[in-house]
Number of protein chains: 2
Amino acid sequence: MDKGKVLIVEQQNGSPSSISKVLEEEGYNVISVEDSDNVYDLTVNEKPEIVMLDLDSLEQEGWEVCRKLKDDYEARRSVVIMVSSKEDEESIVRGFESGADDFITRPFGRKEFTARIRAIIRRIEKNESKKIKVKDIEIDLDEHKVKKGGKPIDLTYIQFKLLYLLASRRENVFSRKEILEKVWGRKVYVTNRTVDVHIKRLREKLGEYKYPSQYIETIHGTGYRFL
Amino acid sequence: MDKGKVLIVEQQNGSPSSISKVLEEEGYNVISVEDSDNVYDLTVNEKPEIVMLDLDSLEQEGWEVCRKLKDDYEARRSVVIMVSSKEDEESIVRGFESGADDFITRPFGRKEFTARIRAIIRRIEKNESKKIKVKDIEIDLDEHKVKKGGKPIDLTYIQFKLLYLLASRRENVFSRKEILEKVWGRKVYVTNRTVDVHIKRLREKLGEYKYPSQYIETIHGTGYRFL
DNA sequence: GTCCAACTGCAACTTTTATGCCAATACTGT
DNA sequence: ACAGTATTGGCATAAAAGTTGCAGTTGGAC
């Protein structure tokens with residue numbers, strides 16, 4: 001059950017209706033912190049899909065953290081949601097001006113809350129399409145098939161996921177860490193070298209024997225990129 | 001002034017505070033229709049960034065239109081926002097379940113409303129990979145690519161980080177200490193001289209052979225800066 | 001159940017590439 | 001001109017990536 005990673009900044013009062021608890025129960029991978037000190041570092045390292053800032057416990061810092069995240073080229077990818085009891089327009093506008101992507105005011109029903117989160121995650125993942133064509137390669141997610149020049153290529157489960165990931169955002173460089181998270185899942189511990197091995201096997205099946213690779217490029221010190 | 005294209009479905013009552021009026025005034029490219037018949041076609045053809053559905057005038061149809069858009073391969077790209085006076089949780093949840101990306105309840109202040117819209121547009125733009133352009137140099141972070149005058153330049157990991165650091169705040173003078181911290185990280189101990197070496201290698205790759213350097217300026221006794 | 005083939009992950013090893021430092025040299029500002 | 005800085009090419013070394021063989025698993029086929 002891996003719905004996405006959420007970094008939450010709020011005072012823990014142990015209430016079972018706290019945001020963290022709710023999202024954990026819903027199956028999100030929750031990282032919870034009580035103050036804003038590590039938020040930036042955590043965001044950069046963990047790349048959560050969502051960062052939630054509880055303004056009721058953060059106050060002034062909330063805006064600042066948000067701005068800092070949105071000014072950073074890596075952290076900015078995470079969606080920042082502010083949660084607050086204040087519903088005066090000024091606070092809300094200020095939240096958005098700090099770069100927040102959404103602003104939710106308390107109180108809110110659990111169902112509404114989780115529906116909003118789902119909508120946001122959905123939106124993030126939607127950029128990926130079901131069928132991808134790159135050069136002479138065709139990838140069909142639904143049928144789980146890959147063709148090269150019209151001829152089917154037999155890929156294993158992992159190879160397929162790996163190829164799909166890389167091809168879903170061609171030109172984008174994926175670090176091994178990212179690959180591990182997206183292909184193997186967050187909890188699994190697998191060596192970096194194993195990623196290489198799978199890349200090699202994939203390259204073989206794609207018919208890459210000589211250098212430089214036509215499809216999967218290695219970016220030394222960084223990761224891999226398709227095309 | 002083109003802030004983005006918005007397709008709005010609402011009953012026109014001529015009120016100056018109607019959504020269409022407000023967004024027009026704000027400089028959006030507004031397409032306004034009164035019923036849901038053409039919404040699907042318009043969305044596919046016009047590809048608006050945002051489709052706003054006024055549930056107060058659409059009722060039942062609202063959900064259906066939304067679902068139809070979100071089931072469509074092309075139309076799903078547009079962000080769908082529902083606007084409604086009903087603020088019961090059930091309606092809202094149902095909205096999200098129909099695939100809506102956001103749900104705004106009336107009444108709302110104009111500033112808050114426009115701030116939300118701006119945030120959404122911002123988010124859409126952010127998905128496109130971010131580039132820094134300085135003179136004839138282009139730096140693409142997601143793709144980890146650098147181009148000079150359209151031609152790609154191959155940089156190593158450190159060179160890339162270094163260039164990015166300098167270029168991200170041009171004119172700013174970076175001391176070697178600062179560079180070490182940002183590129184190598186706090187803990188690592190590496191000589192100041194090493195920074196020089198990397199500057200040299202970077203300059204070479206940027207095609208700097210003669211003095212004074214066109215891109216990276218040396219501030220004697222202080223550090224470096226990107227022009 | 002037993003056998004077999006396919007898949008996977010890892011360790012050990014090789015190859016490739018990048019990095020850090022040195023020492024000689026050139027440049028700066030005073 | 002001098003002392004402090006910066007530049008540079010070369011080189012040993014470190015680090016990253018590629019490769020290979022093997023062993024543990026799994027899931028049929030029989």
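Just so it is clear: chains get the letters A, B, ... in the order the sequence lines come, proteins before strands, and each one is counted from 1.
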Distance check needed: [N] [atom2] versus [X] [atom1], whole Å only.
X	N	atom1	atom2	result
A:Arg176	C:dG9	CZ	C1'	16 Å
B:Glu204	D:dT8	CD	C1'	9 Å
B:Phe160	C:dT17	CZ	C1'	18 Å
B:Lys161	C:dG20	NZ	P	11 Å
B:Ile216	D:dT8	CD1	P	11 Å
A:Ile179	D:dA17	CD1	P	10 Å
A:Tyr157	C:dC7	OH	C1'	14 Å
B:Asn192	C:dG20	CG	C1'	13 Å

Exercise for review: Determine the contact category for A:Ile199: base if any of its heavy atoms lies under 4.0 Å from a base atom, sugar-phosphate if only primed atoms, P, OP1 or OP2 are that close, otherwise nothing.
Suggested key: nothing

Check your understanding: Heavy atoms under 4.0 Å, any strand shown: does A:Ile219 hit a base, just sugar-phosphate, or nothing?
Key -> sugar-phosphate

Compare the minimum distances between each of [options] and the side chain of [X], then state the nucleotide with the smallest one.
X	options	value
A:Tyr224	C:dC21, D:dG18, C:dT19	D:dG18
B:Val190	C:dC10, C:dG20, D:dA17	C:dG20
B:Asp196	D:dG9, D:dT7, D:dG18	D:dT7
A:Trp184	C:dG9, C:dG20, D:dG18	C:dG9
B:Val197	D:dG4, D:dT7, D:dG9	D:dG9
A:Lys200	D:dG18, C:dC10, D:dT20	D:dT20

Check your understanding: C:dG9 base to A:Arg193 side chain: any donor-acceptor pair below 3.5 Å?
Key -> no

Check your understanding: Checking only heavy atoms, does the side chain of A:Arg201 share a donor-acceptor pair with the base of C:dG9 at less than 3.5 Å?
Key -> yes

Review point. Can you tell me how far the CG atom of A:Leu7 sits from the CG atom of A:Asn38, to the nearest 0.5 Å?
Key: 9.5 Å

**Study point:** Nearest-0.5 Å distance that lies between atom CD1 in B:Ile120 and atom CZ in A:Phe96
**Key:** 7.5 Å

N/O (side chain, [X]) to phosphate O (OP1/OP2, [N]) under 4.0 Å:
X	N	answer
A:His198	C:dG9	yes
A:Thr156	C:dT8	yes
B:Thr191	C:dC21	yes
B:Thr218	D:dA6	no

Search all heavy atoms of [X] against all heavy atoms of [Y] and return the closest pair with its distance.
X	Y	result
A:Phe103	B:Arg116	O-NH2, 3.0 Å
A:Arg122	B:Ala100	NH2-O, 2.7 Å
A:Cys66	A:Gly99	SG-C, 3.8 Å

Review point. Is the charged tip of A:Lys5 near the ring of A:Tyr28: under 6.0 Å from the six-membered ring centre and within 45° of its axis?
Key: no

